[in-house]
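Proteins get letters first, then strands, A, B, ... in listed order; numbering begins at 1 in each. Just so you know, these numbers use all the heavy atoms, side chains as well, and skip hydrogens, waters and symmetry mates.
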Amino acid sequence: MKDDSPELFAAPKSRVVPVLVPMPAPVPYSYVVPEGMAVEAGSIVQVPLGPRQVIGVVWDGPEGGEVDPRKLRPIEKVFDCPPIDKNMRSFLDWVAAYTLSPPGLVARMALRAPAAFDPDPMVEGLRFSGIVPERMTSARRKVLDLAGDGLSWTKSGLAHAGGVSASVIDGLAAQGVFETVFLPPPPLVAKPDADYAPARLEGPQEEAAEDILEGIRSSGFSVALIDGVTGSGKTEVYFEAIAETIRQGRQVLILLPEIALTANFLERFHDRFGSKPAEWHSDLATRTREKVWRQAATGEVRVVAGARSALFLPFEDLGLIIVDEEHDPAFKQEDRVFYNARDMAVVRARIGDFPVVLVSATPSVESQVNCLAGRYRRIHLPTRFAGAALPDLHLIDMRRSPPERGGFLSPVLLKAVGKTVERGEQALLFLNRRGYAPLTLCRVCGHRFQCPQCSSWLVEHRFRGQIQCHQCGYAEPTPQACPECGTLDHLVACGPGVERIAEEVERHFPDARTLVLSSDLGGVKRLRLELEAIANGEADIVIGTQLVAKGHNFPLMTLVGIVDADIGLANGDPRAAERTFQLLSQVTGRAGRTGRKSHGLIQTFQPQHPVMQALVSGDAAAFYEREISERERAGLPPFGRLVSIIVSADTRGEAETHARQLRHSAPMVEGIAILGPAEAPLALIRGRHRFRLLVHGRRSSDMQAFVRTMLERGPKERRSVHVQVDVDPQSFL
DNA sequence: AGCACGCCGACT
DNA sequence: GTCGGCGTGCTC
């Protein structure tokens, strides 16, 4: 019967599957599955693409439609690793649609571990062969005591455990004492123990932990926001949530701003769970990166602590995401695929049907709005944990207590610093300005040093003898003469930077040990050493930029002085107040963990400003309420979830230049998509976006006119239009 | 002439 | 995103 069927004589119809390839195509490409190859949706494959081989993922749905069959090429190979599961695929699709990014580029973020897709190679190990060495030494004795039971060891592991050098092992191996065996690669990190060292929580912390645990035990999707001042025990509380998830046998992801992923954090985790979490961030060594990827995918790694890109790891069974410092702008990715990892974490949790916990001492306005709207559950920790007291904060009205001529520190602040140092305690002076002075000009002709590339002011850095552009990185040695009029030694520094504050401090306190902490003064290593030195009491006065606000603790600090609290309030950013409040709260939160009485002094020219009032009163709720209504008044979405779409028929270079400009001029923008005129109208109409038009660009037109023009004129027309799109705030839940 | 650079289209 | 092809313009 079969013999009669015409199919017998036709070529066997080969299976064709959609594959997402790492390039900005709007749809997956179709590939032929060779005879005998087993692929399923989610399989990670290598496929030919033009002249090269790339890594892609077999995707869902029918293959892309009409492709010329002659173009079809076969899948080269399938990797021996767990396929990307359905939830992850839905998540990647969702992110692509929401961010208006090509799905292939979103998928690429989940595959950023070049050689992770083949199993880890076995490692060479040793096993006691039963042969005893001719001569016995004490070192050899130690080794044999360990290995004598016939278990397998790695060479370095055995040497380390025996307290001998590797050459002892080599010597024994040379006599045939060991046979070579192959071992599965060691796990990256030990499994955390949920009950290793639980914190003893009391009062509000205990209640908060109970609240969170209830959410986790009842399973399913939920969003909680833990909100409490620095030192209120937020970490201890969410560690309980992690413990519970570990007990359930599911994996945990802790998202942190890159800068907060410190040794200190990892140690705290270790102290609680008896092992460190796996780390994931941009400057991980390739091998480690691959291991983390793979072991997250196989489920070997139970807890990953990572920067925003860790959200795209293909966990085997993710059961909880923590987003610590959820307000931090570092969760926003602002190139290629634009996304905010905090929000996408909520989406991933919803798709995976598990809880997500956002954590911050100074939550973002978005999360506040979500709490008020009842979408997120708020868990408030009102007091400091373990007896630590918050510093009491006072404003210094700079109009009433001005600094002496040529200085920037008010006598009130200087006096407080002096007293602190006298008591043998530490003072921190915070100024969010690197360098010596933000602007330099010529006293004779008024010439201002400006960046030749981007026209912002060049900042003098005296320690390095350079003037630098903080916008684009341009730098040149500080000139002796004015480039305009040639006058020598007539350059004046305008305004303070941390270096200049250090100079002023040293003038007033020549005997105190002062230290400047700034991101441009040496690398991570030096910073770590300096932080350690500060913790050991080897400095009296620390002058720091933004980096002192994050994560690091200064246990001996009892005074924090904000040199200029008004910086950043006047830059036109609708988030200026929010950001300033967050930053200054974090900085002042650095003090007061000693148990000693601590103080914060805030120099401002605007003591009535809501940010200053919120800081000293501690009434954050009123501040946020005001911020939300301010945004309403300005016609901005309370979420700040503003996506700019650059619809561009320009060359890509030009569109990218527009994107950069837009980013500077519109800091509320949460995403920028560069779309061609052919795909833009569709994306806009089809997307989850409620959009109000603010069209600007070389030629203003309304959206309809734009669509018409674009469709009529075709892609050759050189024209670019910017459309700001207000994304529906409801849409991501 | 030789090549560096930027633009552009193709890639299943 | 990445490559090759091709035109423009500059240098050995």
Rounding to a whole Å, what distance do you find between [X]:[atom1] and [N]:[atom2]?
X     : N      : atom1 : atom2 : value
A:Y29 : B:dA10 : OH    : P     : 11 Å
A:K71 : B:dG9  : NZ    : C1'   : 12 Å
A:R73 : B:dA10 : CZ    : P     : 16 Å
A:I55 : C:dG1  : CD1   : P     : 17 Å
A:Q53 : B:dC11 : CD    : P     : 16 Å
A:L49 : C:dG1  : CG    : P     : 14 Å
A:L20 : B:dC11 : CG    : P     : 18 Å
A:R52 : B:dC11 : CZ    : C1'   : 8 Å

Is it possible for you to check whether A:R342 lies under 6.0 Å from the centre of the six-membered ring of A:F331, through NZ or CZ, and within 45° of that ring's axis?
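Negative - A:R342 is either too far from the ring of A:F331 or too far off its axis.
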Please report the interatomic distance CD1(A:I321) to CD1(A:I254), rounded to the nearest 0.5 Å.
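Rounded to the nearest 0.5 Å, the CD1-CD1 separation comes out at 11.5 Å.
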Verify, without hydrogens or angle tests, whether A:S90 (side chain) and A:K86 (backbone) share a donor-acceptor contact under 3.5 angstrom.
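Yes; judged by distance alone, with no hydrogens or angles, the pair exists.
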Listing, residues 41-56 of chain A side-chain donor-acceptor contacts under 3.5 Å, not counting sequence neighbours, or none:
| unit_1 | atom_1 | unit_2 | atom_2 | d |
| --- | --- | --- | --- | --- |
| A:S43 | OG | A:E40 | N | 2.9 |
| A:S43 | OG | A:E40 | O | 2.9 |
| A:Q46 | NE2 | A:Q53 | OE1 | 3.2 |

